[in-house]
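Beneath this line is the structure, given in structure tokens, with notes to follow.
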Amino acid sequence: MAYSFDDECDFLFKAILIGDSAVGKSNLLTRFARDHFRLDSKPTIGVEFAYRNIKIGDKVIKAQIWDTAGQERFRAITSSYYRGARGALLVYDITRRSTFDNLAKWLREIREFGDSDMVILMVGNKTDLGHAREISEEEGQRLAEKEGLCFMETSALENLNVEEAFLQLITRIHEVTSKKNLEAKANQVRTTTPSVGNSILNLDEVSATKHTGCCSW
Ligand code: GTP
Ligand code: MG
């Protein structure tokens with residue numbers, strides 16, 4: 001499914017992929033954006049992007065996904081990755097415990113540079129390598145619950161749960177953003193018209209959140 005940047009859309013959401021090198025971030029993204037997988041993919045240098053349009057209800061959302069380098073030496077200006085990002089896929093490799101242990105480091109970075117209401121989905125990738133598994137699904141789930149994150153296991157190679165992971169992330173971003181915009185609008189009404197009573201309940205969510213001049217910040 002290919003879309004150009006100029007396609008009509010109602011919302012544009014930026015999300016980022018983070019996690020250690022070789023956990024499969026780039027392949028998760030190419031699988032989602034182009035249904036493509038490479039066994040011999042090269043480490044990402046700096047950052048790469050992909051877009052895909054998604055329909056939620058009657059709204060078209062353009063997801064702009066930033067695929068960042070896991071290797072420290074290939075990372076550029078970290079703060080720029082997080083600027084404007086509303087969600088993150090935090091990826092580890094279920095066959096390498098070090099990538100799971102390092103999630104704490106990535107979470108510190110998210111909390112330092114990301115917005116406090118950023119949606120974070122923790123992803124254990126490479127479930128096709130079950131025989132080499134070092135982190136059980138239960139252990140992943142436990143950590144996600146402890147940290148207050150959503151959780152899913154995927155296989156970019158076998159195309160298992162990849163679409164679901166991105167859709168869950170984007171749907172959650174949409175919910176959080178709509179709620180935030182609605183609250184902001186309600187506060188605005190409250191401060192400008194002191195006795196509006198129940199009229200706040202009649203606010204139209206769409207008019208409260210819709211971008212005009214689609215796909216621009
Ligand atoms: P950096 O760009 O260095 O941060 O790495 P990355 O996280 O983007 O990893 P990448 O997608 O390049 O994948 C690294 C290696 O893991 C490649 O050899 C992929 O083919 C392989 N790989 C990625 N996803 C899967 C998967 O689901 N299963 C298996 N078996 N291999 C995978
Ligand atoms: Mg990569």
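Note that ligands are numbered from 1 as they come in the structure, with each ligand's atoms numbered from 1 the same way.
- Using a 4.0 Å cut-off to heavy atoms of Pro43, the atoms of ligand 1 that qualify are 2 (O), 3 (O).
- At the top of the distance list for atom 18 (O) of ligand 1, counting protein heavy atoms only, stands Leu39 O, 2.7 Å.
- Considering backbone and side-chain N/O of Asp67, none are found under 3.5 Å from N/O of ligand 1.
- Leu28 CG to Thr154 OG1: the interatomic distance, rounded to the nearest 0.5 Å, is 4.5 Å.
- Of the heavy atoms in Thr44, both backbone and side-chain atoms come closer than 4.0 Å to ligand 1.
- In Phe74, neither the side chain nor the backbone holds a heavy atom less than 4.0 Å from any atom of ligand 1.
- Selection from Ala22, Ala132, Ser155 by nearest heavy atom to atom 5 (O) of ligand 1 gives Ala22.
- Residue contact annotation: Leu28 has no non-hydrogen atom under 4.0 Å from ligand 1.
- By the criterion of a heavy-atom distance under 4.0 Å, neither the backbone nor the side chain of Val91 is placed next to ligand 1.
- Looking at Glu158 against ligand 1, nothing comes within 4.0 Å, counting heavy atoms.
- Checking Glu112 against Tyr82 by side-chain atom types alone, no donor-acceptor pair falls below 3.5 Å.
- Less than 4.0 angstrom separates some heavy atom of Ala69 from each of these atoms of ligand 1: 4 (O).
- The Mg ion (ligand 2) has Ser26 OG, Thr44 OG1 as its protein N, O or S neighbours under 2.8 Å.
- Atom 21 (C) of ligand 1 has its closest protein heavy atom at Lys126 NZ, 4.0 Å.
- A cation-pi arrangement is absent between Arg52 and Phe166 under the rule of less than 6.0 angstrom and at most 45 degrees off the ring axis.
- Listed for the Lys25 side chain is a donor-acceptor partner under 3.5 Å among the backbone atoms of Gly19.
- With hydrogens left out, the protein atom closest to atom 23 (C) of ligand 1 is Gly24 CA, 3.6 Å, a heavy atom.
- Checking Ala156, Ser41, Gly46, Ser21 against atom 10 (P) of ligand 1, the nearest heavy atom belongs to Ser41.
- Residues Thr44 and Ser26 have side chains that bring a donor and an acceptor to within less than 3.5 angstrom of each other.
- Some N or O of Val23 is nearer than 3.5 Å to an N or O of ligand 1, by distance alone.
- The ligand atoms of ligand 1 that sit less than 4.0 angstrom from a heavy atom of Leu129 are 30 (N).
- Here's the thing with Asp128: one of its N/O atoms is less than 3.5 angstrom from an N/O atom of ligand 1.
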